[in-house]
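Positions are given from 1 along the sequence.
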Amino acid sequence: MSSAPTSEAVEDTADTTDLEASIPQPALVDESRRVLVHLLQGPFLDGRRDGGRYAQLLRDRTAIEARLADLFLELIIDDDAQVAFVRQSEEDPDAPKLLRRLTGMNRLDSVLLLVLRQMLLTQSSRGQRTVVSEAEIQQALAAYRRTTSTDEAGFAKEVRASITKIQRAGLLDEQGDDYEVSPVLRLMIGPDTAREFIALYRQAGVDGLEDPRDAEDPEGADSEDGAALTD
């Protein structure tokens, strides 16, 4: 039968733990510091367009995650889509909030985000990029227009303004006359937030928004959302 640890042993263990905690972490190499700044600037890191930074993130992931944890942030990576972003950690609800992303969105903006997310899920399940035209976006939002406005030309202008706002947030990439939806949208707006807003819009008479089916979401991306859709 083993004996209980003595008070001296407990004190030695506590001293060792304190000593380890006081040892400063080694400085990040220059390339990793640049990756860290890019993640903090947001909205995300796209490995398809910035393969060098994305590769460095994967090489030095542990150290970069440690720096983010010091700021109450956590790193989210989708290896299949090759995208990464940071979101506020939920471990300490009293921690200061560093990130304020996708705020200031009006109701039309949030509906558009949900529609784009739905398109993204449909196309990504087929292994395809999600490229849409303005006409397709206008058509997808037609049901919403019928519940809010009878001015078709005015509504089309509002949709173009929403497209511009979401494009500036880095979630739409203009390609000629079309737009590619960033795969990070599926991670930044998790299914919990999507379901909440879809329910609200259905109550307002907006049809065509399906319940999110995110069984293929990477671990951790389906429980806490990384973005707020409205004020």
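Gln123 contributes atom CD, which lies 11.0 Å from atom CZ of Arg129 (distance to the nearest 0.5 angstrom). Within the model, atoms CD of Gln138 and CG of Leu112 stand 9.5 Å from one another, a figure rounded to the nearest 0.5 Å. The CG atom of Leu185 lies 9.5 Å from the CZ atom of Phe44; values are rounded to the nearest 0.5 Å. For the atom pair His38 NE2 and Phe85 CZ, the distance stands at 13.5 Å (nearest 0.5 Å). With rounding to the nearest 0.5 angstrom, the CD atom of Glu134 is 5.5 Å from the CZ atom of Arg160. The distance from atom CD1 of Ile77 to atom CD of Gln82, rounded to the nearest 0.5 Å, is 11.0 Å.
No side-chain donor-acceptor contact under 3.5 Å links Asp178 and Ser133. Between the side chains of Arg59 and Gln56, at least one donor-acceptor pair of N or O atoms lies under 3.5 Å.
Side-chain contact between Asp60 and Val35: absent, with no pair of heavy atoms (C-beta onward) separated by less than 4.5 Å. Counting heavy atoms from C-beta on, the side chains of Leu57 and Arg53 never come closer than 4.5 Å. Ile76 is not listed as a side-chain neighbour of Val184, based on a closest heavy-atom distance of 4.5 Å or more. Proximity of Leu40 to Leu68: side-chain heavy atoms (C-beta onward) are separated by under 4.5 Å at one or more points. Arg48 is listed as a side-chain neighbour of Pro183, based on a closest heavy-atom distance under 4.5 Å. Counting only heavy atoms from C-beta outward, the side chains of Ile166 and Leu113 approach each other to under 4.5 Å. Side-chain contact between Tyr179 and Leu171 is absent, with no heavy-atom pair separated by less than 4.5 Å. Within the 4.5 Å cutoff, the side chain of Met119 has heavy atoms near those of the Val115 side chain.
With hydrogens and angles ignored, the 3.5 Å screen pairs no side-chain donor or acceptor of Gln175 with any backbone N or O of Glu180.
Residues Leu58 and Leu73 share a single hydrophobic cluster, defined by chaining ILVMFWY side chains whose heavy atoms lie under 4.5 Å apart. Taken together through direct or relayed side-chain contacts under 4.5 Å among Ile, Leu, Val, Met, Phe, Trp and Tyr, Leu172 and Val131 form parts of separate hydrophobic clusters.
Here the closest non-hydrogen pair linking Leu108 and Val159 is CD2-N, 3.9 Å. When all heavy atoms of Leu120 and Ser182 are compared, the pair lying nearest together is CD2-O, 3.5 Å.
Residues passing the side-chain contact (heavy atoms from CB on, under 4.5 Å) test with Asp177: none are found, sequence neighbours excluded.
Note on Arg33 versus Asp30: salt bridge recorded, some NZ/NE/NH1/NH2 to OD/OE distance being below 4.0 Å.
Under a cut-off of 6.0 angstrom, the local environment of CZ in Arg49 is crowded, with over 12 non-hydrogen atoms contributed by other residues, nucleotides or ligands. The number of heavy atoms from other shown groups lying within 6.0 Å of CD (Glu136) is above 12.
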